[in-house]
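As C-alpha cells, the structure follows; a few thoughts come after it.
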Number of protein chains: 2
Amino acid sequence: MSNLTKIQDIAEHKIRIGGFNSFSFREIADEVGIKSSSVHYHFPTKLDLGLAVAKRYTDRFIDELKGHEDASLSLQLCIEMYIRVFETALKRDRKMCLCGLLAAESSNLPNALKSEARRFFQLNIEWLTNKFVELGHLDENSAKAKAIFYISSLEGALLTSQVNDDTTIFDATAKQLKALL
Amino acid sequence: MSNLTKIQDIAEHKIRIGGFNSFSFREIADEVGIKSSSVHYHFPTKLDLGLAVAKRYTDRFIDELKGHEDASLSLQLCIEMYIRVFETALKRDRKMCLCGLLAAESSNLPNALKSEARRFFQLNIEWLTNKFVELGHLDENSAKAKAIFYISSLEGALLTSQVNDDTTIFDATAKQLKALL
DNA sequence: GTCTATAATTTGATAGAC
DNA sequence: GTCTATCAAATTATAGAC
C-alpha cells in the first residue's frame with residue numbers, strides 16, 4: 001500500500017475516534033514509518049488532509065450504497081441494507097461514522113471541512129428520500145422528513161453505542177427503525 | 001459571577017462547539033480576563049475541568065427534567081417536555097449537547113471523562129424507561145429499547161441540524177418521535 | 001518522496017511572590 | 001486567588017539537501 005493511502009487510513013481512524021483536533025502530523029508519520037515533513041509533502045496543510053479523508057469517506061459510503069442497489073429491491077430490503085452499512089461501521093470498525101463526528105464538532109471546524117461533512121448528510125438524505133418516494137410512495141416532503149429521521153437516528157445510535165461500549169444499543173435503534181417501515 | 005463559574009461556562013461553551021481537544025487553558029483565561037495559572041488554581045488539570053463541566057451539565061439536565069415533572073402528566077406530555085429540553089439546547093444555545101459531543105469522541109477521551117458522559121446517557125435512559133413503563137404500560141425491556149431509541153434519535157438530530165445549520169431538521173425528527181407514541 | 005533541520009507558536013502544567 | 005515567570009513538550013509548517 002502506498003504511503004499516501006496509509007496516511008489517509010491512519011488519519012481516518014484517528015478522526016473517527018477523536019475528531020479533527022485529536023491527531024497530529026507527527027503521530028501519523030510515526031505510524032506510517034516516515035517523517036512528518038513527508039506527510040506535508042502529500043498534504044500541505046492539516047485541512048488538506050482532513051478534506052481528502054472526508055471526501056474519500058463519503059464517496060466510498062455512497063459507492064457502497066449504490067453497489068448494493070438493485071432494481072428488484074423492496075423498500076424494506078433497501079432500508080435494511082442501508083442500516084447494515086451503518087451497522088458495519090460500528091461492529092467491524094468499532095468507530096464512529098467519520099462525518100458524524102465531524103458534524104458534531106462542525107461549529108469549530110474550518111468551513112471547507114464543515115461543508116464536506118454536510119455533503120455526506122445531503123447525499124444520504126437524497127438517497128433515502130428517493131427510496132421513500134419511489135418504493136414507499138410517499139410525497140417528497142414526507143419522504144425527506146423520514147429520510148432525515150432515519151439518518152439522524154442512526155448517527156445518534158452510533159454515538160450512544162460508542163459511549164456505552166455496547167453495540168446492542170445500536171441494534172435496539174435499528175430494530176425500531178425497521179419496524180417503522 | 002465568580003471566576004470559577006465563568007471558567008466552567010466558557011469551557012462548556014467550547015466543548016459543546018468543538019469537543020474536549022478544541023480549547024486551551026489560555027483561551028479560557030483570556031476570556032475570563034485572568035491568567036492561565038489562575039485557571040489551574042481552580043482546576044489543576046484539564047481533565048479536572050472537563051469532569052466538573054460534564055458533571056454540572058448532566059446534573060442540571062436531570063434537574064430540569066425533574067423540575068418539569070408532574071404526577072398528572074400524560075406520557076404524551078412527558079415526552080413532549082423531554083423533547084423540548086433538547087430543542088432548547090439547540091435553538092437557544094445553537095450548540096450540541098455537551099455529553100453528545102463527548103460521547104462521539106469518547107473513544108479518545110480519558111476514561112473518567114468517558115464515564116461521566118456515559119452517566120448522562122444512563123440517567124436519561126433510566127428516566128425515559130420509567131415513563132414508558134409507568135405511563136405507557138410497556139414491559140421493562142420494550143421500555144428500555146424505546147428509551148434508547150428516543151435519546152439516540154434526539155442526539156442524532158442535534159448533530160444533523162448542527163452540520164446543516166438548519167434547526168428545522170431537528171423539528172422533523174421531533175415530530176416523528178411524537179407521532180410514535 | 002523522503003530526509004534533516006528548524007522556525008514560530010501553542011500547549012498543559014508548576015514554582016513562588018503578593 | 002491571582003500574578004509573573006518559566007518549563008518541557010508538542011504543534012503546524014517550511015527550506016533545502018539527497
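Scope of the values below: all heavy atoms of this structure, side chains included, with no hydrogens, waters or symmetry mates. Numbered from 1 within each chain, the chains take letters A, B, ... in sequence-line order.
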Report the distance from atom [atom1] of [X] to atom [atom2] of [N], rounded to the nearest whole Å.
| X | N | atom1 | atom2 | value |
| --- | --- | --- | --- | --- |
| Lys35(B) | dG12(C) | NZ | P | 16 Å |
| Ile34(A) | dT4(C) | CD1 | C1' | 15 Å |
| Asp48(B) | dG12(C) | CG | P | 13 Å |
| Lys14(A) | dA10(D) | NZ | P | 14 Å |
| Tyr41(A) | dA5(C) | OH | P | 22 Å |

Find every protein N or O atom lying less than 3.5 Å from an N or O atom of nucleotides 12-14 of chain D, and list the pairs.
from    : atom 1 : to       : atom 2 : distance (Å)
dT12(D) : OP1    : Phe23(A) : O      : 3.4
dT12(D) : OP1    : Lys46(A) : NZ     : 3.0
dT12(D) : OP2    : Phe25(A) : N      : 3.2
dT12(D) : O4     : Arg26(A) : NH1    : 3.3
dA13(D) : OP2    : Lys46(A) : N      : 2.8
dA13(D) : N7     : His40(A) : NE2    : 3.3

Notebook entry, point to check: Counting only N and O atoms by type, is there a donor-acceptor contact under 3.5 Å from the side chain of Asp48(B) to the main-chain atoms of Thr45(B)?
Noted result: yes
Checklist line | Donor-acceptor contact present, side-chain Arg16(A) to main-chain Met96(A), <3.5 Å | finding: yes
Notebook entry, point to check: Hey, are Gln122(B) and Glu126(B) close enough side-chain-wise for a donor-acceptor pair under 3.5 Å?
Noted result: no
Notebook entry, point to check: Reckon Asn3(B) has a side-chain N or O less than 4.0 Å from the OP1 or OP2 of dG1(D)?
Noted result: no
Check: Any side-chain hydrogen bond (donor to acceptor under 3.5 Å, both in side chains) pairs touching residues 23-38 of chain B, not counting sequence neighbours?
Finding: Lys14(B)-Glu31(B)
Next item on the list: Side-chain contact test, heavy atoms from C-beta onward, threshold under 4.5 Å: evaluate it for Gln162(A) versus Ser107(B) and give yes or no.
Entry: yes
Check: Between Glu27(A) and His42(B), who's closer to the 5' end of DNA chain D by nearest nucleotide?
Finding: His42(B)
Checklist line | Pairs touching residues 69-111 of chain B that satisfy ring pair (Phe, Tyr, Trp, His ring centres under 6.0 Å), sequence neighbours left out | finding: Phe61(B)-Phe86(B), Tyr82(B)-Phe86(B), Tyr82(B)-Trp127(B)
